[in-house]
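Data block below; observations after.
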Protein chains: 2
Amino acid sequence: MALSHALLALLIDEPRSGYDLARRFEGSIGSFWKATHQQIYRELGQMEQKGYLDSETVVQEGRPNKKLYRMTEKGRQYLGDWIGTVSEPCVIREDLLVMTFAGALAVPGALAGELQRRRELHRTELAGYREMEREHYAEPEKLTGPALYGYLALRRGIRYAEEWIAWCDEALAAIAQSEAISAARG
Amino acid sequence: MALSHALLALLIDEPRSGYDLARRFEGSIGSFWKATHQQIYRELGQMEQKGYLDSETVVQEGRPNKKLYRMTEKGRQYLGDWIGTVSEPCVIREDLLVMTFAGALAVPGALAGELQRRRELHRTELAGYREMEREHYAEPEKLTGPALYGYLALRRGIRYAEEWIAWCDEALAAIAQSEAISAARG
DNA sequence: AGCGACATGTAATACGTTACATGATTGG
DNA sequence: CCAATCATGTAACGTATTACATGTCGCT
């Protein structure tokens, strides 16, 4: 149940609602973990039963009430014990790479179009991460404690997006070049 | 059912058995798609029913019989139509990055140890990919057709592994430096 | 009047993982 | 003799996705 660790990690400094947690998975955290609100609400309930969290209902005016979850000492222990445990690289199932692999069967131009779309997607993503880097981590060499670890995770997101963009460029150039060769031949 | 596309992609040039397909997901294909033999056998059965594949049982001496699956014209159509379809980036759930994000709660040294392990893992992976690159793709600039697309997918695996190694190095250096700062302070 | 943000949930279904199950051959 | 490779499958379980469900407020 690895989602539980991800949720606890987001609850380290302050209590949050399920809705709030769901939104955080759409931000920079999304570069290494994704979860929908349905998953989150279910998991939060189970974690509260196990004593990793406790909750408090906050009555709000003009908005629905919300349930704030806070990490318990037991939860902190559970998370701390897990860090450094043997971890496996996550399973990747990347449609676009299956498409690339089978690219020879594609309608001409279809694959290139999708590669371009993907490139743009990661460019947008990267711009967002870069802004977070500028805003929250001005002097990265001096970081210690929680801020450092948040920064390192963000750096992974930045690198991941950059790597995608670079590969898309490489693939698009190679496909264009091979088409030029084929055209010259016949 | 995206697994079906991955299986068809592996069946483009020659018929293969379920066992054979399972092994290919452990090779370079594993950098962008993973599937266990149980999933594969189930999916192959369903795909045959739908007419994307047909099969032939091959009697072998000294070995169990095997069932060779071949892509049908319908299967080829199905795969070709899918390529270039709008695809989403795959969902990532990377334990090691949750650990990094929550690194401040770790037992000292535990996270660094796991980062080092992960680094080695990708170094081994990368060495394997590099060998494939040397053996099968001697002159990448001249590639066309199926060979080009296989090469581009392999390139993604190479880049992915390189990127992991580089990030692990960066993270390890940053953690070491922050510990030095903390030690100097008090 | 309609949309998006806020806020929380249930239910059904699809998908993936783990365990169980079998059995011959080859190499160390 | 033990482990690994070849080869195919079933069953149970856990997790994730998708659809359904409700309701207020503020903005355009």
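All values reported here derive from a predicted model rather than from experimental measurement. Residue numbering restarts at 1 for every chain, and letters A, B, ... go by the order of the sequence lines. The analysis underlying the following values was restricted to heavy atoms, covering all of them including side chains, and did not include hydrogens, waters or symmetry mates.
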The complete set of side-chain hydrogen bond (donor to acceptor under 3.5 Å, both in side chains) pairs with one or both residues in residues 101-123 of chain B, sequence neighbours excluded, reads A:Ser87-B:Glu114, B:Glu94-B:Arg118, B:Glu114-B:Arg117, B:Arg118-B:His122, B:Arg119-B:Asp169, B:His122-B:Glu125
In short, the helix from C:dA1-D:dT28 to C:dG28-D:dC1 is bent end to end, axes from five pairs each side, to 10°, by 40°
In whole angstroms, the gap separating P of D:dT17 from CG of A:Asp95 amounts to 13 Å
Original post:
Between B:Lys67 and B:Glu56, is there a side-chain N and carboxylate O pair less than 4.0 Å apart?
Top reply: no
Under a 4.0 Å heavy-atom cutoff, the residues of residues 31-51 of chain A touching DNA chain C are A:His37, A:Gln38, A:Tyr41
Exercise for review: Go through the steps to decide whether A:Leu79 and A:Tyr52 satisfy the test side chain to side chain contact (heavy atoms under 4.5 Å, CB included), and finish with yes or no.
Suggested key: CA-CA 9 Å; A:Leu79 179 59; A:Tyr52 300 143; over 6 Å; no
Note: B:Glu133-B:Arg130 ion pair, threshold 4.0 Å (strictly below): yes
For residues 5-16 of chain A, which side-chain N or O atoms pair as donor and acceptor with protein atoms under 3.5 Å away, sequence neighbours left out?
unit_1	atom_1	unit_2	atom_2	d
A:His5	NE2	A:Tyr78	OH	3.4
A:Glu14	OE2	A:Arg16	NH2	3.2
A:Arg16	NE	A:Leu10	O	3.1
A:Arg16	NH1	A:Asp20	OD2	3.2

Here the distance between atom C1' of D:dC6 and atom CD of B:Gln60, to the nearest Å, is 8 Å
* Would you call A:Glu131-A:Arg134 a salt bridge at under 4.0 Å N-O? -> no
One should read off an interatomic distance between A:Ile158 CD1 and B:Trp167 CH2, to the nearest 0.5 angstrom, of 12.5 Å
Numerically ordered, the residues 15-30 of chain B set in heavy-atom contact under 4.0 Å with DNA chain D is B:Ser17, B:Gly18, B:Tyr19, B:Arg23
Closest non-hydrogen contact found for B:Ser31 with B:Tyr129 is CB-OH, 3.1 Å
Under a 4.0 Å heavy-atom criterion, DNA chain C is touched by chain A from C:dA5 to C:dT17
Contacts of B:Val91 and B:Tyr69 projected onto DNA chain D by closest heavy atom; the upstream (5') one is B:Tyr69
#### Entry: Charged N-O contact under 4.0 Å between A:Glu170 and B:Arg155
yes
Please determine whether ring-ring contact (aromatic ring centres under 6.0 Å, His included) holds for the pair A:Tyr149 and B:Phe101, giving the CA-CA distance in whole Å, both sets of side-chain angles, and the decisive distance to 0.1 Å.
CA-CA 5 Å; A:Tyr149 295 104; B:Phe101 187 79; 9.6 Å; no
Measure from the side-chain N and O atoms of A:Thr144 to the backbone N and O of B:Ser178, and report whether any donor-acceptor pair falls under 3.5 Å.
no
Rounded to the nearest 0.5 Å, the CE atom of A:Met47 sits from the OG1 atom of A:Thr72 at a distance of 8.5 Å
- Message: Tell me whether B:Arg156 forms a cation-pi arrangement with A:Trp164, defined as NZ or CZ under 6.0 Å from the six-membered ring centre and within 45 degrees of its axis.
- Response: yes
